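It should be emphasised that the depicted structure is a prediction, and the values quoted were computed from it without experimental measurement.
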Amino acid sequence: MDSGYLIDFYHGWLIEVLPIGVSRNEPGFKMVCYSPCREKFCNDQVYPSAFEAMKAAKQAINWHVACQLLRDVLRQFYEADRLEFEEWRSLHQSLTAATKAL
């Protein structure tokens with residue numbers, strides 16, 4: 001990490017792990033993720049190591065991808081008349097809220 005940060009790709013997403021100084025004795029790291037369409041997300045969590053921050057980023061990406069796949073399935077069910085509009089909307093809003101809660 002000579003450049004001061006770590007960059008990796010995971011399932012088409014860009015992950016940046018950035019060092020931050022929590023205090024002189026306790027350095028920490030934060031993660032920032034970018035989707036293939038450049039949607040950015042991060043959290044306020046400080047991780048004790050770059051490895052922990054990278055692991056958290058990959059778990060967050062898995063969560064985002066799973067939610068997107070579920071939204072796609074819900075849309076297919078709605079278009080096939082297997083869900084009423086109100087059911088689709090409620091489930092879709094729940095998934096959107098869960099994704100933003102990261």
Side-chain angles (χ1 to χ4, degrees):
M1 289 189 9
D2 295 276
S3 61
Y5 58 93
L6 177 66
I7 296 177
D8 197 6
F9 290 93
Y10 183 71
H11 295 299
W13 291 62
L14 173 69
I15 302 170
E16 292 181 337
V17 173
L18 307 166
I20 56 172
V22 176
S23 74
R24 290 182 184 170
N25 296 329
E26 297 180 32
F29 297 86
K30 71 175 190 173
M31 59 90 164
V32 180
C33 302
Y34 299 92
S35 73
C37 63
R38 297 298 292 166
E39 174 190 355
K40 175 183 174 181
F41 77 88
C42 58
N43 59 22
D44 294 330
Q45 179 86 22
V46 176
Y47 300 94
S49 70
F51 175 78
E52 291 293 324
M54 184 64 69
K55 182 179 172 184
K58 289 179 179 181
Q59 289 174 341
I61 290 169
N62 287 338
W63 181 259
H64 274 278
V65 169
C67 287
Q68 183 57 52
L69 291 172
L70 286 171
R71 279 193 287 276
D72 292 346
V73 168
L74 290 176
R75 182 182 176 119
Q76 290 173 5
F77 281 5
Y78 174 69
E79 290 175 351
D81 292 327
R82 292 185 176 183
L83 285 175
E84 296 294 324
F85 176 75
E86 289 301 319
E87 294 171 318
W88 170 83
R89 188 176 81 181
S90 177
L91 291 167
H92 188 271
Q93 287 174 342
S94 295
L95 283 172
T96 301
T99 303
K100 289 181 180 180
L102 289 174

CD-CH2 distance between Q93 and W88, expressed to the nearest 0.5 angstrom
8.5 Å
Which value, rounded to the nearest 0.5 Å, describes the distance between L6 atom CG and F51 atom CZ?
11.5 Å
In one Ile/Leu/Val/Met/Phe/Trp/Tyr side-chain cluster, 4.5 Å: L69, L83
no
Look at the rings of W13 and H64 and say which category their plane angle falls in: under 30° parallel, 30 to 60° tilted, over 60° perpendicular.
tilted
Ignoring hydrogens, what is the shortest heavy-atom contact between Y47 and K30? Give both atom names and the distance.
CD1-CA, 4.4 Å
Give a yes or no on this: more than 12 heavy atoms of other residues, nucleotides or ligands lie within 6.0 Å of atom CD of E84.
no
Hey, what do you get for CD1 (I61) to CZ (F9), rounding to the nearest 0.5 Å?
10.5 Å
Give the minimum heavy-atom separation between I15 and A57, together with the two atoms involved.
CG2-CB, 3.6 Å
Taking atom types as modelled and ignoring hydrogens, do the side chains of Q76 and D72 form a donor-acceptor contact shorter than 3.5 angstrom?
no
Nearest heavy atoms of S49 and F29, plus distance in Å:
C-CD1, 3.3 Å
Gap between atom CG of L14 and atom CZ of R38 - 0.5 Å precision:
6.5 Å
Going only through I, L, V, M, F, W and Y residues with side-chain contacts under 4.5 Å, is there a path from I7 to Y34?
yes
Taking only residues at least two apart or on different chains, which pairs with a member in residues 47-70 satisfy salt bridge (charged side-chain N to carboxylate O under 4.0 Å, His left out)?
D8-K58
Look at the side chain of S90 and the backbone N and O of E86, then say whether any donor-acceptor pair between them is shorter than 3.5 Å.
no
If I compare all heavy atoms of N43 with all of M31, which pair ends up nearest, and what's the gap?
ND2-CE, 3.6 Å
